[in-house]
Structures are given as C-alpha cells and as structure tokens.
Amino acid sequence: MRPATSLPLREELRGIEPYGAPQLDVSVQLNVNENPYPPSRAVVDDIAQAVAEAAGRLNRYPDREFVALREGLAAYLGHGVGPEQVWAANGSNEVMLHLLQAFGGPGRTALSFAPTYSMYPEYARDTHTAWEVGHRDEDFGLDVDRAVALVRERRPHVVLLPSPNNPTGTALPPAAITALCAVLDGGLLVVDEAYAEFRRAGTPSALELLPAHPNLVVTRTMSKAFALAGARLGYLAASAEVCDALRVVRLPYHLSATTQAVAQAALRHADELLGAVDLLREERDHTVDWLRDQGLRVADSDANFVLFGTFGDPHAVWQGLLDHGVLIREIGPQGWLRVSVGTPAEMAAFREALTAVTKEMSR
Ligand code: PMP
C-alpha cells in the first residue's frame, strides 16, 4: 500500500484495492472461469488474417456503430433478435458499466441477490448508483415471492441477476424472470448470462422472454464458452431503445477495429470455439459428483465452475491447493470455495491435490 497523499481522490475510493483474482504463474489455473482450450491453429490463422486486414486501416477510426459485428452477434443469438437490439463493449463488464451509466446514477438504485457477482457493487460505486442486496435461499435459488416483495419495497431502477449465477452456478427459472419484469415497473431487469452456454439441458435462456418484456436485458460474453477471454468482447440483447440509450454513454469508438475484427472472425468459427462446451459440462458434472462423494456440500451448477464447501478454514484449503500447484478461487459465502472446470488432466490434478490437502489438514 502506498502512503496516503493529498490527491483529490473521491472519498469512497480511499484505501480501496483494485479488484482482481491473483494472476499467479501456476501450472493448473482454475480460478477465473476461463475456457481451458485455446483456439486451434486454423482459428488462430483466420483471426490473425482478420487482424492483419484491420491493421491496414488503423489510421482510421473504427466503425463506431460496429454494424457488421452487431449483425453477426444477432445472427448468433437467434431468437428473432435484430442487430438494432444488440450492444457490445470490451467485455460484459463494460456492457454492465454502460447499463448503469445510462440507467443508474445519482439518486438511483441497483439491486442484486447475494451471493452474486462481486463486480456489480463496483459498477454501482463507479456510477454513483446506490447498491442494495437481497438474499438467495440456502440452496442459492431465488425465492420469487420474497424477491418480488423486496423489489416492490425498494423500487430499484436496475436489478442485476446472473443466470447461471456466479459464484454459485445456479440458473434462474423463467417464472422468476417474468415475475421480476412485471414488478419492475419502470425499472430494468438485467439477466447476466455470461455462462449461459454451459447450462444443463432443459434450462431455458432468458432470450426466450425478450419479446414479451421490453424492460428485460440479457447480457452475454465471448470470454467463457467462446474461449475468447483475451479478446474482451461482451454483448447484450434488449430493446432497440435500451441500445440507443447506451450509444449515448459509451466512449466514442469504444470497440477498436482489431477487437471488432477478432470478434467477427470468432463468430465465423463459433461451432469450433464452442466445441468444448459439452466436454466441459461433462467434466463439471463429474466434478460435482466427485466432490459430493467426498462428503462435501456442492451447489448444483449450470456453469463452468463448481462451488463447494464448507470448510472451517477455506483459506488454508485454498493455500494448500496452491502449494500443490492448483489455483482456485476464494470467493462466495463464508466457508465455500469455487473451482473452474478445466481439462480432464487439470481436474485430475485438482482432485489429487484436494485429497492430499484434506488428508494433511485432518492430521
Ligand atoms: N458476469 C459474470 C457473472 C461473470 O462471472 C463475469 C466474469 N467473471 C463477467 C460478467 C464479465 O466477463 P467479461 O467482462 O470477461 O465478459
């Protein structure tokens, strides 16, 4: 920590550490829900070609409206979503910031239900939006009646709900989304589907509900199932009016020409990039079963990570795993830990390390 200075820093930012999971050079990295499979040579070559073409025009600003990319994302999403209903930015983090810049702000409130994605309160802070949290059930599901009652009482302008939820992996039933859209008179419901492609069979996407609810926003990202975290491309589907509002608050040319080129090339290879999703879902289910066989509590997961516990000293377990070369995430309710789903070899290393650590700790 640097010594306090006389900088005119906003009071609420004093002493705050920047957000971020540790980026450590460890052989098995299962801490930030990345897709462990890098793009193939053919995809890399096509992305490189697209970037080379964009590079030849880097003296010019990129298409501010990223029309071609919007068309590609709309086609990928399906569900009758048109390009004018799509917005994109540098990661869904930035998409969410745009939403709060346009629909939050001083005198306004954003609400979520804990445990929830740990970045939301930071977007609220940075946009001067008041932040409120309700609570999920014991099993991390949402009690719809209680949630509706809280929204009725607090009248938030924006409700942020990840589905599947991070850090628990829990997906929202469509009835919950419908009920919250109905009670949010004049407010927006943002369903953050960063992990949607990993959901179990029979779990619907909130995209199906878009036509019926003009105050519903569904956010997605290329960082997870698409295996493109390094490209920084997040997007959403909503009404054209919502997208037009976001055009007002974004920085000019916020999506660089190279980002647009990379994302469009990735969309051309969507099938291949998403090819590991089934494998990851199988590995996730296997991880859930194995952890339960060890006598641990494990949240049902529709995502590419698993929340498990409970431990009296979760930090000691996290550190023990790290000492065995396996990096997971200390996050979530007290006593729980989260592991991202990696390759079969990485998950074998995780199981071996956890077995060793729990044995060492019980001595
Ligand atoms: N939403 C949720 C629920 C997440 O877990 C994450 C990333 N961990 C994001 C949004 C942001 O992802 P990105 O900015 O890479 O799209």
Side-chain angles (χ1 to χ4, degrees), residues 18-23 29-36 69 73 76-77 86-101 110-124 126 133 136 140 142 158-172 177 189-199 203 205-206 217-237 246 250 254-256 259-260 262-263 266-267 273-274 280 284 299 301-307 327-332 336 338-342:
Y19 172 88
Q23 289 193 305
Q29 303 199 1
L30 304 171
N31 67 331
V32 286
N33 304 338
E34 293 158 330
N35 189 318
L69 177 57
L73 290 168
Y76 167 69
L77 284 176
V86 172
W87 183 251
N90 297 284
S92 51
N93 274 304
E94 192 183 53
V95 169
M96 220 66 81
L97 187 67
H98 286 167
L99 283 164
L100 287 187
Q101 282 176 321
L111 181 144
S112 191
F113 294 86
T116 186
Y117 182 40
S118 48
M119 278 303 291
Y120 295 155
E122 303 213 5
Y123 311 142
D126 294 345
V133 271
R136 288 172 173 262
F140 307 125
L142 197 67
V158 181
V159 171
L160 297 166
L161 269 175
S163 177
N165 185 35
N166 182 5
T168 65
T170 323
L172 279 179
I177 296 169
L189 174 62
V190 180
V191 179
D192 177 351
E193 290 198 343
Y195 302 96
E197 290 93 343
F198 296 108
R199 64 195 192 276
T203 308
S205 161
V217 177
V218 183
T219 63
R220 293 275 183 109
T221 181
M222 285 188 152
S223 298
K224 310 296 178 180
F226 248 99
L228 222 64
R232 308 307 298 127
L233 200 286
Y235 55 105
L236 63 70
L246 303 179
R250 56 108 178 93
H254 69 292
L255 274 184
S256 79
T259 300
Q260 294 186 39
V262 170
L267 283 169
L273 285 167
L274 293 162
L280 289 165
R284 169 202 59 209
S301 176
D302 278 284
N304 66 336
F305 53 83
V306 178
L307 188 74
L327 177 61
I328 68 163
R329 192 75 184 268
E330 260 189 297
I331 201 160
W336 296 75
R338 192 192 73 192
V339 63
S340 308
V341 177

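Values in this document were obtained by computation on a predicted structure and should not be read as measured data. The figures that follow rest on heavy atoms only: side chains count, while hydrogens, waters and symmetry mates do not. Numbering of ligands and ligand atoms starts at 1, following listing order.
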Under 3.5 Å: donor-acceptor pair, side chain of [X], backbone of [Y]:
X      : Y      : value
Arg284 : Val306 : no
Glu193 : Ala206 : yes
Ser340 : Glu34  : no

Which of the numbered atoms in ligand 1 are below 4.0 angstrom from a heavy atom of [X]?
X      : result
Arg232 : 13 (P), 14 (O), 15 (O)
Tyr195 : 3 (C), 4 (C), 5 (O), 7 (C), 8 (N)
Ala194 : 1 (N), 2 (C)
Asn166 : 3 (C), 4 (C), 5 (O)

Location of contacts on [X] toward ligand 1, heavy atoms closer than 4.0 Å:
X      : result
Ser223 : side chain
Asp192 : side chain
Glu94  : neither
Met96  : neither

Taking NZ, NE, NH1 and NH2 as the nitrogens, is one of them in Arg232 or Glu94 under 4.0 Å from a carboxylate oxygen of the other? no
For atom 12 (O) of ligand 1, the closest protein heavy atom turns out to be Ser92 OG, 3.3 Å
Ring-plane angle category for Trp87 and His254, please: parallel below 30°, perpendicular beyond 60°, tilted otherwise. parallel
I want to know whether Phe305 and Tyr195 have ring centres closer than 6.0 Å. yes
Can you confirm whether the side chains of Asn33 and Arg329 place a donor and an acceptor under 3.5 Å from each other? no
So is Lys224 touching ligand 1 or not, going by heavy atoms under 4.0 Å? yes
